[in-house]
*Asks:* 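If you scroll down you'll find the structure; I have some questions about it.
Computed from a prediction, not measured in an experiment: that's the story for all the values here. Numbers restart at 1 for each chain; the letters A, B, ... are given by sequence-line order, proteins then strands.
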Amino acid sequence: MNKKRLVGGVLLTILLFIFLTPIFWMIIQSFKESAVASSVPPKLIPWVDFKPTMGNYISVLSAPVFINSFINSVIISLSSVGISLAMGIPAAYALARLNISHADDIRFMILTTWMMPAIILAVPFIIWFRYIGLLGSLLGEIIACVPLSFAIVVWVMESFFRKIPTSLEEAAQLEGCSRFKIFRKISLPLARSGVIAVATLGFLFSWMETLFPLIIGSSRTFPLSVTVPSEYSPVTSVLWGEINAAGILTIIPVIIVIIIARKYIATGLSFGVTK
Amino acid sequence: MKRGRYLYVLPAILFIVVFLVFPLVYNIYASFCTIRVNELVLTGGQKWVNMLSLDSFFWHAFKYSATFTLVVVSIEVVLGLGIALLIHDYKKGQGLWYALLLLPLACIPSITGVNFKMMLDPLYGIVNHILGTVGVGTIDFFTGANTAMASIILTDIWQWTPFCFVIFFAAISALPKSIYEAAEVQGTSMWKKFRYITLPLIKPLIYIVLVLRGLYAFKSFSIIWATTHGGPIRVTSTLPVQAYKYAIRWGKTPEAAVIGIFMFFFVFVICLYLSKMIVRSWRRER
């Protein structure tokens, strides 16, 4: 028994080491002045090998580009998830409970949108958005990011709605509740952890999306996922310190979101997808 | 209103039309066109013949895509499941391990790519520095034709294994404890418990994770683009990278459309089979 624990513990520590080291390295690099950060050989221990500085963070946080991209990221992610939820949850409920004809086909076609390679969407979107005047706009990017989360919303929420005992809904129906009322007052609240789970996942997928905003957006509407990789690495010299600081700063909002939603994700995903 | 329930799916149908039907139709049309004076002109199946002929780069790109997807997905699913099982045994500190292992998911892939590019840089990178100290010598990683693909596979594994882990962990946590207790009383070994209790119960979920990760990895673009731009000498130019270059860099929409349509139908056929299996396992539960 004890040997098993030991082996397990060692394995876990190795895994943790592998998964945390790159982030750890980013943190160390972010506290170095850029010249020091690119020194050969690389310096490891703060205060011993090099002088840690907050300069990079101050520089990044006061750059209009960063602040602007941050706001863009938040707007794009929240809005596209919101749209996905608004369109997807009713659809999931209908597929689960409302006896829609061709339900299998609809379900599969929704999964198919997840299959689409980005370029197949991007090229026609460029043309249509240019025609409507949405090219380069935030709204365009928001619309383009909806497919990232829509399929997951529908599939997971459908699982959820199926798990709700029909007896509850039938009882409400006997009392004369309209279908919409049942949906709103019974099914939806019971599936709440599922909603939070898919909302978080959808937010995550939009937050990290680089291709669509890059193609559809313009420099004033680019989110963090586009600006951070390119802004701090001009051809001449990479601002090592700042790019790492910026990278760490993009992680923090996600961590906050995950911490808040964590409880719901764990119950949400498992409840929705397994027996 | 007897047909009122269709209002619930109306937005979804609209979504399907806008994000599936129109783009597909457009791309199929474009793949039979040529660009003349900045306009698409219908010219016939020439692009298809060119792209799919045996000596075109297309098939190399397809090979790179397939290799990348297969390797990455199999490793990530196995690792993710393994880590989930491992952590699940530890009641104490579970939350902490979980939170820490989740961190790669919080990173934006393109930024992960830049970070790994810096870490694995032949000259400035910390990894090569450590390798030099232990006497292994410098590895080219992203800049070497032999090592570039392995390096991006490594990066992707780092980025996405936690995704598989999170899903599997949630699933294993939700399994009924009673069966395990019964098995424990009977003295069943750890391996037998996994093989005959855990595995069958989460099998549908394993399929789902395989499909989700497989689809996503096949269209993966951000990490590859951020680290190698498809190079060196195109050894990491997967289909999505090629399509991007055709569409955006060279303005050759028809060729990009050919790649896109090919990718789509290739994946479509595979998913058709897999999703029928998943729905069938659902129906069995009911």
*Asks:* May I have the step-by-step check of side chain to side chain contact (heavy atoms under 4.5 Å, CB included) for A:Val123 and B:Tyr26, ending in yes or no?
*Replies:* CA-CA 9 Å; A:Val123 173; B:Tyr26 177 87; 4.0 Å; yes
*Asks:* With side chains defined as the heavy atoms from C-beta onward, is the minimum distance between A:Leu211 and B:Tyr244 less than 4.5 Å?
*Replies:* yes
*Asks:* For the CE atom of A:Met208 and the CD atom of B:Gln159, what is their distance to the nearest 0.5 Å?
*Replies:* 5.5 Å
*Asks:* Between B:Ile111 and A:Met26, does a side chain to side chain contact (heavy atoms under 4.5 Å, CB included) hold up when you go through it step by step?
*Replies:* CA-CA 11 Å; B:Ile111 298 179; A:Met26 266 186 108; 4.0 Å; yes
*Asks:* Measure A:Ile248 against the heavy atoms of chain B and call it side chain, backbone, both or neither at under 4.5 Å.
*Replies:* neither
*Asks:* Where does B:Phe22 contact chain A at under 4.5 Å (heavy atoms): side chain, backbone, both or neither?
*Replies:* both
*Asks:* With a 4.5 angstrom heavy-atom cut-off, could you sort out which part of A:Asn99 is near chain B: side chain, backbone, both or neither?
*Replies:* both
*Asks:* In the structure I gave you, are the side-chain heavy atoms of B:Ile208 and A:Trp155 within less than 4.5 Å of one another anywhere?
*Replies:* no
*Asks:* Heavy-atom distances under 4.5 Å only: say whether B:Phe218 touches chain A with side chain, backbone, both or neither.
*Replies:* neither
*Asks:* So which residue, A:Trp207, A:Trp128, A:Phe150, ends up with the most heavy-atom pairs under 4.5 Å with chain B?
*Replies:* A:Phe150
*Asks:* Can you name the one residue among A:Leu16, A:Leu12, A:Ile23 that meets side-chain contact (heavy atoms from CB on, under 4.5 Å) with B:Leu100?
*Replies:* A:Leu16
*Asks:* Which residue out of A:Ile143, A:Val257, A:Val154, A:Ile252 racks up the most heavy-atom pairs below 4.5 Å with chain B?
*Replies:* A:Ile143
*Asks:* Can you confirm whether B:Pro240 sits close enough to A:Pro117 that some side-chain heavy atom of one is under 4.5 Å from a side-chain heavy atom of the other?
*Replies:* no
*Asks:* Pick from A:Ser101, A:Pro147, A:Ala86: which one has the most heavy-atom pairs with chain B under 4.5 Å?
*Replies:* A:Pro147
*Asks:* What option among B:Val267, B:Leu86, B:Thr112 has the most heavy-atom pairs under 4.5 Å with chain A?
*Replies:* B:Leu86
*Asks:* Tell me which of these, B:Gly113, B:Gly214, B:Ala106, has more heavy-atom pairs under 4.5 Å with chain A than the rest.
*Replies:* B:Ala106
*Asks:* In terms of heavy-atom contacts, does CZ of A:Phe24 have more than 12 from other residues, nucleotides or ligands at under 6.0 Å?
*Replies:* no
*Asks:* Would you please test A:Ile126 and B:Ile248 for side chain to side chain contact (heavy atoms under 4.5 Å, CB included) and show each step?
*Replies:* CA-CA 11 Å; A:Ile126 295 179; B:Ile248 307 296; 4.2 Å; yes
*Asks:* Where does A:Trp25 contact chain B at under 4.5 Å (heavy atoms): side chain, backbone, both or neither?
*Replies:* side chain
*Asks:* Provide the closest heavy-atom pair for A:Ile251 versus B:Cys107 in the form atom of the first, atom of the second, distance.
*Replies:* CD1-SG, 3.4 Å
*Asks:* Between A:Leu98, A:Val254, A:Ile18, which has the largest tally of heavy atom pairs under 4.5 Å with chain B?
*Replies:* A:Leu98
*Asks:* Between A:Leu11, A:Ile215, A:Leu95, A:Leu111, which shows the greatest number of heavy-atom pairs under 4.5 Å with chain B?
*Replies:* A:Ile215
*Asks:* Counting only heavy atoms closer than 4.5 Å, note whether B:Phe19 contacts chain A via side chain, backbone, both or neither.
*Replies:* both
*Asks:* Only pairs of heavy atoms separated by less than 4.5 Å count here; which of B:Leu101, B:Leu10, B:Ile259, B:Asp121 has the most with chain A?
*Replies:* B:Leu101
*Asks:* Nearest 0.5 Å please: distance from the CD1 atom of B:Ile126 over to the CD1 atom of A:Ile28.
*Replies:* 7.5 Å
*Asks:* Most heavy-atom pairs under 4.5 angstrom with chain A, which of B:Asn128, B:Leu212, B:Leu239, B:Thr253?
*Replies:* B:Leu212
*Asks:* Is there a side-chain contact between A:Thr112 and B:Ile16, using heavy atoms and a 4.5 Å cut-off?
*Replies:* no
*Asks:* Looking only at atom types and distance, does a side-chain atom of B:Tyr216 sit under 3.5 Å from a main-chain N or O of A:Trp114, one as donor and one as acceptor?
*Replies:* no
*Asks:* Rounded at 0.5 Å granularity, tell me how far CG in B:Leu102 sits from CZ in A:Phe19.
*Replies:* 11.0 Å
*Asks:* Of all heavy-atom pairs between A:Met115 and B:Lys219, which one has the smallest distance, and what is that distance?
*Replies:* O-CD, 4.3 Å
*Asks:* Is the ring centre of B:Phe268 less than 6.0 Å from the ring centre of A:Phe108?
*Replies:* yes
*Asks:* Hey, is the main chain of B:Ser222 close enough, under 3.5 Å, to the side chain of A:Thr210 for a donor-acceptor pair?
*Replies:* no
*Asks:* If you take all heavy atoms of B:Ile108 and A:Ser225, which pair is closest and at what distance?
*Replies:* CG2-CB, 3.6 Å
*Asks:* Would you call B:Phe15 and A:Ser84 a side-chain contact if the rule is heavy atoms closer than 4.5 Å?
*Replies:* no
*Asks:* Heavy-atom cut-off 4.5 Å, strictly under: side chain, backbone, both or neither for B:Leu103 against chain A?
*Replies:* both
*Asks:* With rounding to the nearest 0.5 angstrom, report the CZ to CD1 distance, B:Phe262 to A:Ile120.
*Replies:* 12.0 Å
*Asks:* Flag the pair A:Ile106 / B:Ile13 as yes when at least one side-chain heavy-atom distance between them is below 4.5 Å, and no otherwise.
*Replies:* yes
*Asks:* Which answer fits B:Ala243, side chain, backbone, both or neither, if we ask what part of it has an atom under 4.5 Å from a heavy atom of chain A?
*Replies:* both
*Asks:* Could you check whether any side-chain heavy atom of B:Met118 comes within less than 4.5 Å of a side-chain heavy atom of A:Ile243, counting everything from C-beta outward?
*Replies:* yes
*Asks:* I'd like to check B:Tyr246 versus A:Ile119 (side-chain heavy atoms, cut-off strictly below 4.5 Å). Are they in contact?
*Replies:* no
*Asks:* Measure A:Phe180 against the heavy atoms of chain B and call it side chain, backbone, both or neither at under 4.5 Å.
*Replies:* both
*Asks:* Under a 4.5 Å cutoff for heavy-atom pairs, which residue among B:Leu272, B:Leu123, B:Thr161 has the most contacts with chain A?
*Replies:* B:Leu272
